[in-house]
Visitor: 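Have a look at this one.
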Amino acid sequence: MADILLKRDSTLAATYVPNTFIDQYMTHADGEFVKIYLYLLRCMSDPDTVFSISDIADKFDHTEKDVTRALRYWEKMRLLRLEFNRQEELTGICLSDCTPLTAVSQDTHPSEPERACRSVSLPVSAHDADAALPERTSYSLNQLAQFNEDETVMELLFVAERYLGHELNNTETQMILYWLDKLDFSQDLIEYLIEQCVAKNHRSVRYMDKIALSWAKAGIRTLNDARQASELHSSTVHAIQKAFGISNRSLAAGELEFAKKWSEEFAFSDEIVTLACQKTIQSIHQISFEYADSILASWKRQNVRTLNDIKLLDVQYQEAKAKKISAGKNAVRTAKGTLSGGFANFSQRTYNYDELERELLSQAR
């Protein structure tokens, strides 16, 4: 990983913590994020300080992803600017002046800035969407012991066991800790995830893990996020899954975007979305959100609002198709008539076969 050159474009003449940061920014930020920012201020006292993400991670006993997440948060709050090279490696951090937050920002609930930050992904290669998710790590016995000292973690694992009806094994514990520690899911969100899966008779933690990953990709990090997504798309998503016959998984992030587009941007009812999915299967005999989207986009252009509108379009299409077929048949008949009439213009020859036979016999004699 490339070294990072720390520089400044502000008017700070010495290393200090602005009162605005303490009064407004610090009160809403995660404590670990505050540590990273204070460390950057400290480094500013040494001109052209060079360090790496791994250096900061080692200093605070964090992972590199934890450090990067903190930097992204402060970039979102406009207290610094991150600079990258063509290989998408972080090469510079430029600190900005600590300007007062607006009145709207000051009234924002403390969790809002944090949630906004978490929705920002690190630069990733276009061919590897999963790279945006934190890597899985196998927690050691010492790390598990540290987790067990946290009352929140102990309560979460206890609730999970009550929902699942059995004691968690090591694999299940590792997965749940991954949601909490790496995906930054809140305790309430994890309990909600387990509750919803169990309610649908899905008690496999591996199944729940797939849901967790799809939520993480969709930017869902809190219970409120999950409930809002559920309220907006639950009926449409259910209709799509039923029409496409999807029963063994949840919709992926890209598929959820289609559901959101059809229900919000196109404002189509679940019945119309269902019909588009059914027509997709009938036409190409496979699941294709892109094909269904093309159908719905066509209906949108034709101002479809109800199922009756679609029936009318189908009638018009069948009538136009019938006229086209009829016109084609008439053209064929005309061509045949012209062809047969052309042959009729030739004079037909007649032969007397008896006379020809007598003539041939006489010649033979």
Side-chain angles (χ1 to χ4, degrees), residues 111-112 114-134 175 178-179 182-186 188-202 204-281 284 286-300:
S111 64
E112 290 297 320
E114 183 178 358
R115 184 174 64 187
C117 169
R118 287 172 175 167
S119 67
V120 179
S121 299
L122 297 177
V124 296
S125 301
H127 66 275
D128 188 6
D130 289 344
L133 296 177
M175 287 184 180
Y178 172 75
W179 308 338
K182 300 300 182 181
L183 298 186
D184 290 328
F185 281 10
S186 66
D188 290 341
L189 177 60
I190 296 176
E191 292 180 3
Y192 177 77
L193 167 62
I194 297 173
E195 176 187 358
Q196 292 298 306
C197 290
V198 171
K200 296 177 181 178
N201 202 30
H202 294 294
S204 169
V205 178
R206 292 188 181 277
Y207 175 87
M208 299 175 188
D209 187 63
K210 294 180 180 179
I211 304 295
L213 295 179
S214 68
W215 283 5
K217 292 177 182 179
I220 296 174
R221 293 294 187 279
T222 67
L223 177 58
N224 187 48
D225 292 340
R227 284 177 172 170
Q228 286 182 350
S230 177
E231 291 173 0
L232 286 174
H233 311 302
S234 59
S235 61
T236 302
V237 167
H238 179 71
I240 293 171
Q241 289 178 309
K242 184 176 180 180
F244 275 153
I246 300 175
S247 59
N248 59 345
R249 65 174 179 85
S250 298
L251 298 189
E255 296 169 341
L256 288 174
E257 285 299 317
F258 277 117
K260 182 178 180 180
K261 176 183 180 181
W262 300 339
S263 63
E264 293 185 9
E265 181 181 338
F266 288 177
F268 281 142
S269 65
D270 293 345
E271 291 77 14
I272 291 179
V273 172
T274 296
L275 184 57
C277 295
Q278 291 172 344
K279 285 181 174 292
T280 297
I281 298 297
I284 63 176
Q286 64 181 3
I287 297 172
S288 173
F289 283 78
E290 291 77 9
Y291 193 93
D293 184 66
S294 67
I295 294 175
L296 291 166
S298 175
W299 288 347
K300 179 69 174 178

Visitor: So how far is it from Glu255 CD to Lys260 NZ, rounded to the nearest 0.5 Å?
Guide: 16.0 Å
Visitor: Are there over 12 heavy-atom neighbours, none belonging to Lys300, within less than 6.0 Å of that residue's NZ?
Guide: yes
Visitor: Report yes if the side chains of Ile240 and Trp262 come closer than 4.5 Å at any heavy-atom pair, otherwise no.
Guide: yes
Visitor: Please name the pair of heavy atoms, one in Cys277 and one in Ala243, separated by the smallest distance, quoted to 0.1 Å.
Guide: CB-CB, 3.5 Å
Visitor: Within the structure provided, determine whether Asp293 and Phe289 are in side-chain contact (heavy-atom separation under 4.5 Å).
Guide: no
Visitor: Could you report the tightest heavy-atom contact between Leu213 and Leu133, atom names first, then the distance?
Guide: CD2-CD1, 3.8 Å
Visitor: Could you check if a side-chain atom of Phe258 sits within less than 4.5 angstrom of a side-chain atom of Leu296, using non-hydrogen atoms only?
Guide: no
Visitor: I want to check something: taking the side chain as every heavy atom from C-beta on, are Lys279 and Tyr291 in contact at a cut-off of under 4.5 Å?
Guide: no
Visitor: Run the side chain to side chain contact (heavy atoms under 4.5 Å, CB included) check on Asp188 and Thr222 step by step: do they pass?
Guide: CA-CA 7 Å; Asp188 290 341; Thr222 67; over 6 Å; no
Visitor: Do you know the tightest heavy-atom contact between Ile295 and Ala276?
Guide: CD1-O, 3.7 Å
Visitor: Please report the closest heavy-atom contact between Pro134 and Leu183, naming both atoms and the distance.
Guide: CD-CD2, 3.8 Å
Visitor: Mind checking the CD1-CG spacing from Ile211 to Leu193? Nearest 0.5 Å is all I need.
Guide: 7.0 Å
Visitor: Give the table of side-chain donor-acceptor pairs shorter than 3.5 Å for residues 265-274, with sequence neighbours excluded, one pair per line with atom names and distance.
Guide:
from	atom 1	to	atom 2	distance (Å)
Ser269	OG	Glu271	OE1	3.3
Ser269	OG	Ile272	N	3.4
Asp270	OD1	Thr236	OG1	3.0
Asp270	OD2	Ser235	OG	3.1
Thr274	OG1	Asp270	O	2.8

Visitor: Can you tell me how far the OH atom of Tyr178 sits from the CD1 atom of Ile190, to the nearest 0.5 Å?
Guide: 12.0 Å
Visitor: Are any of the side-chain heavy atoms of Met208 and Val198 separated by less than 4.5 Å?
Guide: yes
Visitor: Decide yes or no for Asp209 and Trp179: does some side-chain heavy atom of the first lie under 4.5 Å from some side-chain heavy atom of the second?
Guide: yes
Visitor: State, with a plain yes or no, whether a side-chain heavy atom of His202 is found less than 4.5 Å away from one of Gln196.
Guide: no
Visitor: Check Leu223 against Ser186 and note the closest heavy-atom contact, atom names and distance.
Guide: N-OG, 3.9 Å
Visitor: For Ser288 versus Phe244, what's the shortest heavy-atom pair and its separation?
Guide: O-CZ, 3.9 Å
